[in-house]
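Working notes, beginning with the structure itself.
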Amino acid sequence: MHKLSLLILIAPLMGCGAKKATSAEGMTDIDSYTESRIVNIINTHAKKIETSHPGEMIDAVSAEFLGTPYKANVLVGSPTNPERLVIDFRGLDCFTYLDYVNSLRHSTSQSDFFEKLISTRYVNNDISYTHRKHFFTDWANRQPLNAKDITAQISPHTVTVTKYLNQRENGDEFIPTLGVVKRNINYIPAEFINDEVVNHLKTGDYIGIYTKIKGLDVTHTGIFIMTPEGAVLRNASSLKKNMKVVDSPFLQYVKNTPGIIVLRAF
């Protein structure tokens with residue numbers, strides 16, 4: 001199973017070769033390849049926004065990244081270093097992948113994409129480390145919301161546990177200065193994830209792989225996609241055999257995990 005590196009939560013580092021550009025929202029780190037890809041993806045899909053279901057757009061946009069290399073620690077910011085708006089399509093981790101897909105599916109221009117990325121990644125559109133949505137369930141709990149937690153609607157076997165996000169087993173914080181958030185987490189245990197559950201999922205649902213680790217909600221994220229060959233988890237995979245964005249057979253993937261959290265895009 002993938003493990004969401006704690007370094008992603010604590011001290012992300014930017015890849016080399018990026019340039020810095022000033023925007024109205026603050027400083028943005030972006031490279032020329034990414035700028036070109038943003039324009040190409042938007043030009044390909046923007047006309048479909050008004051007529052397509054959110055899941056269709058998520059499927060189409062997420063497919064643009066298949067084969068993109070996996071790269072950890074891609075964001076810039078820490079409790080001691082200023083946050084920067086990093087946009088880099090040359091390498092993705094599992095969470096930045098979802099950031100970009102969720103932002104692109106709404107966007108009609110590059111500047112629009114920047115605004116959508118800020119609202120997707122940051123609480124109250126505040127580009128700062130403490131306002132970054134560090135946890136998967138932040139997407140359904142912190143404004144502006146990106147999706148709705150529908151886990152309990154997917155299976156009657158959903159379990160609810162109370163977690164103190166960001167608090168380690170010994171009481172310390174994973175991310176200093178962020179604080180601890182008490183949150184009820186819904187998840188479907190792996191033993192109850194079957195064809196019936198799959199039938200209740202929709203293409204474009206955001207999937208979090210639940211973890212029993214204290215202080216964390218998930219260890220990996222992906223997107224549920226129903227293909228002609230069956231259900232897959234489209235994800236930025238850190239497995240040595242992959243190290244890129246791939247489609248993993250859904251039931252085969254989740255059966256060896258503690259379970260899943262399901263968020264549905266608006």
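This chain uses plain numbering: 1 for the first residue, then up along the sequence.
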Requested in this report: Determine, step by step, whether Ser248 and Asn235 satisfy the side-chain hydrogen bond (donor to acceptor under 3.5 Å, both in side chains) criterion, reporting the C-alpha distance in whole Å, the side-chain angles of both residues, the deciding distance to 0.1 Å, and the verdict.
Outcome: CA-CA 8 Å; Ser248 305; Asn235 65 111; 3.2 Å; yes
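- The neighbour count for Gln110 CD, taken as heavy atoms of other residues, nucleotides or ligands under 6.0 Å away, is above 12.
- The aromatic rings of Trp139 and Tyr206 lie perpendicular to each other, with more than 60° between the two planes, well past the 30° mark.
- A search for side chain to side chain contact (heavy atoms under 4.5 Å, CB included) contacts involving Pro69 returns nothing, not counting sequence neighbours.
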**Report entry** Stepwise side-chain hydrogen bond (donor to acceptor under 3.5 Å, both in side chains) test for Asp112 and Ser109
**Finding:** CA-CA 5 Å; Asp112 189 31; Ser109 67; 5.0 Å; no
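- The local environment of CD in Glu169 is sparse, with at most 12 non-hydrogen atoms from other residues, nucleotides or ligands closer than 6.0 Å.
- His106 places none of its side-chain heavy atoms less than 4.5 Å from the side chain of Ile49.
- Residues Arg234 and Asp59 are paired through a salt bridge, judged by an N-O separation under 4.0 Å between the basic side chain and the carboxylate.
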Report task. For the pair Asn170 and Asp172, evaluate side-chain hydrogen bond (donor to acceptor under 3.5 Å, both in side chains) and give the outcome as yes or no after the intermediate values. Result -> CA-CA 6 Å; Asn170 64 4; Asp172 293 342; 3.2 Å; yes
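- For the side-chain hydrogen bond (donor to acceptor under 3.5 Å, both in side chains) criterion with Arg121, the lone passing option out of Thr96, Asp99, Asp138 is Asp99.
- Between Phe95 and His134, a ring centre-to-centre spacing not shorter than 6.0 Å is recorded.
- Atom NZ of Lys202 has 12 or fewer neighbouring heavy atoms from other residues, nucleotides or ligands inside a 6.0 Å radius.
- Between Val181 and Phe135, the closest side-chain pair of non-hydrogen atoms is not below 4.5 Å.
- Taking CD1 of Ile223 as the start and CG of Leu263 as the end, the distance is 11.5 Å to the nearest 0.5 Å.
- Between Ile260 atom CD1 and Tyr210 atom OH the span is 13.5 Å, to the nearest 0.5 Å.
- Under the 6.0 Å cut-off for aromatic ring centres, Phe89 and Phe65 qualify, their centroids lying closer than that.
- Looking at Glu83 and Arg132, a side-chain N of the basic residue comes within less than 4.0 Å of a carboxylate O on the acidic one, giving a salt bridge.
- Here the side chain of Ser119 pairs no donor or acceptor atom with the backbone of Asn125 at under 3.5 angstrom.
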